[in-house]
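Any value given below was found using the heavy atoms of this structure, including those in side chains, with hydrogens, waters and symmetry copies removed.
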Amino acid sequence: MKNFIKELQWRGMLHDSMPTTEEHLMERMRSAYVGFDPTSDSLHIGNLVPIMLLAHFQRCGHRPIALVGGATGMIGDPSGKSSERNLLDENTLRYNQEAIKGQLSHFLDFTSDAANAAVLVNNYDWMKDFSFLEFIRDVGKHISVNYMMAKDSVKNRISSESKEGMSFTEFTYQLVQGYDFLHLYQNNNASIQMGGSDQWGNITTGTELIRRVGGGKGYAITCPLITKSDGTKFGKSEGGNVWLDAKRTSPYKFYQYWLNASDEDAENYIKIFTFLDKETIDALIVEHKEVPHLRLLQKKIGEEVTLLVHGTAAYENAIKASNILFGKSTASDLKSLDEQTFLDVFDGVPQSTVALSEVENGLDMIGALAAKTNFLASNGEARRALKENAISVNKEKVKEDFTISKEDLIANKYVLLQRGKKTYYLLVVA
RNA sequence: GGGGAGAUACUCAAGCGGCCAACGAGGACGGACUGUAACUCCGUUGACUACGUCUUCGCAGGUUCGAAUCCUGCUCUCCCCA
């Protein structure tokens, strides 16, 4: 049995654990669970840390349980600043659950006959028929309000500095989540709950419940919340969340997110988000420090994570796209692409359609940038950008007097407009 | 309920009768540099049929040759005292 706690420690993924957790794990195969919020049909990279917790757990020979919070997701955890969440109808919930399971299966083995095959459960299944009276009688009486009020998540919301109050529903949250632990302890043999360090309070309510109801012992392991060296929130890009679903965040953008990590962050990320062993990682870090401009760490993280989440083909396309967008590509490189690859590369780039006749007559730059499209907000801005030498057509800088003609079409129907280095816009000619 | 202060562009914040499309800072965007980075430097940041014209300074009126600036009313915000 591989030492799970030690594994988390060197990876910087251990924030806190209850005493004797390590001994408990070394004894024999154990089951641990992590909760996921099913309010969307895709996980995002913020969920990646708990996923990796489970994945390492399984690789250490234990059995991971992924808990879909169908019931808890309806309530909203007060420890986040999020307000109350909307109720999901059951169809959506089931659909999301399957989608999440699909994504988790890239990391966890759900299908093998091994004793430690991963399991997916949904707390909606055992909460939906639990009546309010039964719940307050069988669960609520074991936990005192004093105990619940002492949690930071609650204290913060009740304190006078807090602008918002806290509804009874949200107050109940920790008890519902705590009951999950009790339920899994009794029915799925789960003795450990893992989660982000912000979950510590909720997890201990669960262990407390286990102790008081049947004298059992539950364990808790939390991981640190991922931070970024520049202080911005991990997992957000300009476009919002970075999702695991290729339809929401293209594999190219996904790869780019990792590639753009700072050196400092990359050293942490590679330990957290890849399965590479310590020797490999240490060697990479040393190598990276010698030639930082090559960004070996960022590339390796991007490779590992993208392969895991999106597969080989998507990874290779992401590399190809990156080279075209950031390498020294020229108009002829662009024109050599077949249409499908071109579209993959520029997937998600905003676009609009212009008539073929416009191009045949020669489309002036003001028209292409603003008047006929909405790439830039106004003609004035277009003029300004041109004056600033910021505009490229098919990767080549152009001046205000440039006109787009038929020769500039890629695959006979696209023109690539670009402002600065990173802002692209696709003109589709039809 | 009484008294006071204020509302200016993405944000903060000057301006207090013509020299105001409105100082300055931050942010954002662009250029040079670079590692698709950080730092630094430079530029842009209301619109347009663009050396000119038009629309902006909480909202609606008014005074004036002329108002972001003065007056009246309204809406909202903050502070102090009950």
Partner of B:rC33 by Watson-Crick or G-U wobble geometry, both contacts under 3.5 Å, or none? none

Between A:Ser322 and A:Thr423, which has a closest nucleotide on RNA chain B that is more 5'? A:Thr423

First encountered from the 5' end of RNA chain B, between A:Tyr252 and A:Lys387: A:Tyr252

Under 4.0 angstrom, heavy atoms only, what part of the nucleic acid is A:Gly420 near: base, sugar-phosphate, or nothing? sugar-phosphate

Only pairs under 3.5 Å count here: list side-chain donor-acceptor contacts from residues 100-107 of chain A, not counting sequence neighbours, and write none if there are none.
unit_1: A:Gln103; atom_1: OE1; unit_2: A:Leu43; atom_2: N; d: 2.7
unit_1: A:Gln103; atom_1: NE2; unit_2: A:Ser42; atom_2: OG; d: 3.1
unit_1: A:Ser105; atom_1: OG; unit_2: A:Gly102; atom_2: O; d: 2.6

Scan A:Leu259 against the nucleic acid and name what it touches under 4.0 Å (heavy atoms): base, sugar-phosphate only, or nothing. base

What is the nucleic acid contact for A:Arg384, judged by heavy atoms within less than 4.0 Å: base, sugar-phosphate only, or nothing? sugar-phosphate

Does a side-chain N-to-carboxylate-O contact under 4.0 Å join A:Glu98 and A:Arg94? no

So which nucleotide does B:rA50 pair with, by the Watson-Crick or G-U wobble rule with both distances under 3.5 Å? none

Should A:Lys320 and A:Glu316 count as an ion pair when the cut-off is N to O under 4.0 Å? no

Describe the nucleic acid contact of A:Asn260 in one word from base, sugar-phosphate, nothing, applying a heavy-atom distance below 4.0 Å. base

Chain A footprint on RNA chain B, 5' to 3' - any atom under 4.0 Å from a heavy atom: B:rC29 to B:rA50

Under a 3.5 Å distance rule, please check whether A:Thr205 uses its side chain to pair with a backbone N or O of A:Gly201 as donor and acceptor. yes

Watson-Crick or G-U wobble partner of B:rG73, both distances under 3.5 Å: B:rC59

Strictly below 4.0 Å, N to O, side chains only: are A:Lys387 and A:Glu400 in salt-bridge contact? no

Show every ring pair (Phe, Tyr, Trp, His ring centres under 6.0 Å) that has at least one partner inside residues 337-369 of chain A, sequence neighbours left out. A:Phe342-A:Phe346, A:Phe342-A:Tyr414, A:Phe346-A:Tyr424

So what does A:Arg419 touch, heavy atoms closer than 4.0 Å: a base, only the sugar-phosphate, or nothing? sugar-phosphate

Whether A:Glu381 and A:Arg419 form a salt bridge (side-chain N of Lys/Arg under 4.0 Å from carboxylate O of Asp/Glu) is what I want to check. yes

Using a 4.0 Å heavy-atom cut-off across all strands, classify A:Lys299 as base, sugar-phosphate, or nothing. nothing

Applying the Watson-Crick and G-U wobble criteria at under 3.5 Å, what pairs with B:rU44? Answer none if nothing qualifies. B:rA28

How would you label the contact of A:Ser262 with the nucleic acid (heavy atoms, under 4.0 Å): base, sugar-phosphate, or nothing? nothing

